[in-house]
Protein chains: 2
Amino acid sequence: MSYADFASLPCTLSRPAALLGERWTLLLLRQVFLGTRRFEDFQSTMDISRSVLTDRLNVLLQEEVLKRVPYQQDGRTRYEYRLTTKGRDLYPVLMALRTWGEKWMAPEEDESFHLHHRDCGGGVRAKVECTGCGAELTARDVQVTARS
Amino acid sequence: MSYADFASLPCTLSRPAALLGERWTLLLLRQVFLGTRRFEDFQSTMDISRSVLTDRLNVLLQEEVLKRVPYQQDGRTRYEYRLTTKGRDLYPVLMALRTWGEKWMAPEEDESFHLHHRDCGGGVRAKVECTGCGAELTARDVQVTARS
DNA sequence: TAGCTGAGTTCGAAAAACGAACGCAAGGGA
DNA sequence: TCCCTTGCGTTCGTTTTTCGAACTCAGCTA
């Protein structure tokens, strides 16, 4: 079993972990959630090599995290990369990373952007909760049961 | 700016994303949360090369996500890798990946393990909420404000 | 007809990962 | 004492990935 095989294990954690654990993929998704949509913009803001950028975008297209959407520019049709519903559902992953970063890796200077709830202006935080009783959970509150 | 530079940006999202976005790191953390603690066990269960495993463990030690804890084996002292408090705080990241995997990448067969709340037996789910009003948030509910 | 622009593709060089063998410290058995 | 074993790495030559500069290509514009 090598790295790529984790992407096909029947485990709902290893599959996403293998997909997003590929180098550049998390940073690429960060950029997507920050609003970047076009090849040239990804390339120049992230300074990623064009061939790897092409590969990562194609993987995310194939996984249906991103989709290509036509737009008009100078009278000609081009395509940009947009999140699908599946892709937008990755938001909690990014927010969990940020919540952790806020707590443990906060830089001296102010962070590069702020997030707040449009409706009430409150802050944003990722958490784990019990679908039964609604309690907030930590790793220690959760029992892991291996399948037969 | 290259990949490593994202780890030192003053951004609380890019730093964790660069750290966990390194190949093998997310899968290694999965294994840690599943209970693996020793070098040989990581190596054999993940089939990662020993040199890369050494490197990733050292990075996580340096970032204080893991710590080395002595234990006794056959009358001699050895060390195992355990999560620090900072490391345990990554739980929501892994659970967010799993919540996404459950929804979008569920395999035909049953998954490899189940999780439930020790106290009430309920399921486990990651979500994003407003620290002000407590509402559950999606990407569309959140306003991004760039810093000056 | 030539130039421009956005979006890739190509390909040789550099970096990272692989993997088999080696090193090493400490305990156990002959 | 000497050798074997175990767990945890390190080394190093080979393979895979990434880099980065140049090239291609389609379609619009001058």
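A, B, ... follow the sequence lines: proteins, then strands. Residue 1 opens every chain.
Residues satisfying the ring pair (Phe, Tyr, Trp, His ring centres under 6.0 Å) test with B:F42, not counting sequence neighbours, are none. In this structure B:K67 satisfies the salt bridge (charged side-chain N to carboxylate O under 4.0 Å, His left out) test with no other residue, sequence neighbours excluded. Looking at residues two or more places apart in sequence or on another chain, you find a side-chain hydrogen bond (donor to acceptor under 3.5 Å, both in side chains) between A:T36 and A:Q31. Residues forming a salt bridge (charged side-chain N to carboxylate O under 4.0 Å, His left out) with A:E63 (at least two apart in sequence, or on another chain): none. Every residue two or more places apart in sequence or in another chain that forms a ring pair (Phe, Tyr, Trp, His ring centres under 6.0 Å) with B:Y3 is listed here: A:W24. Under the salt bridge (charged side-chain N to carboxylate O under 4.0 Å, His left out) criterion, B:R50 pairs with B:E40, not counting sequence neighbours. Legend: residues meeting side-chain hydrogen bond (donor to acceptor under 3.5 Å, both in side chains) with B:R88, ordered by chain and number and at least two apart, are absent. Legend: residues meeting ring pair (Phe, Tyr, Trp, His ring centres under 6.0 Å) with B:Y81, ordered by chain and number and at least two apart, are absent.
OP1 and OP2 of D:dG7 both lie 4.0 Å or more from every side-chain N or O belonging to B:Y81.
Within residues 27-44 of chain A, the residues that place at least one heavy atom under 4.0 Å from DNA chain C are, in residue-number order, A:R38, A:F39, A:E40.
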Could you list the donor-acceptor pairs under 3.5 angstrom formed by side chains in residues 72-79 of chain B, with sequence neighbours left out?
unit_1: B:Q72; atom_1: NE2; unit_2: B:T77; atom_2: OG1; d: 3.0
unit_1: B:Q73; atom_1: OE1; unit_2: B:R38; atom_2: NH1; d: 3.3

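Checked by atom type and distance alone, the side chain of A:R15 never pairs as donor or acceptor with a backbone atom of A:P10 at under 3.5 Å.
Protein chain B contacts DNA chain C over a range whose 5' and 3' limits, counting nucleotides with an atom under 4.0 angstrom from a non-hydrogen atom, are C:dA17 to C:dG27.
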In the 5'-to-3' direction, what one-character label does each nucleotide of nucleotides 17-30 of chain D receive under the scheme B = base within less than 4.0 Å of a protein heavy atom, S = sugar-phosphate only, - = no such atom? -SBB-B---BBS--
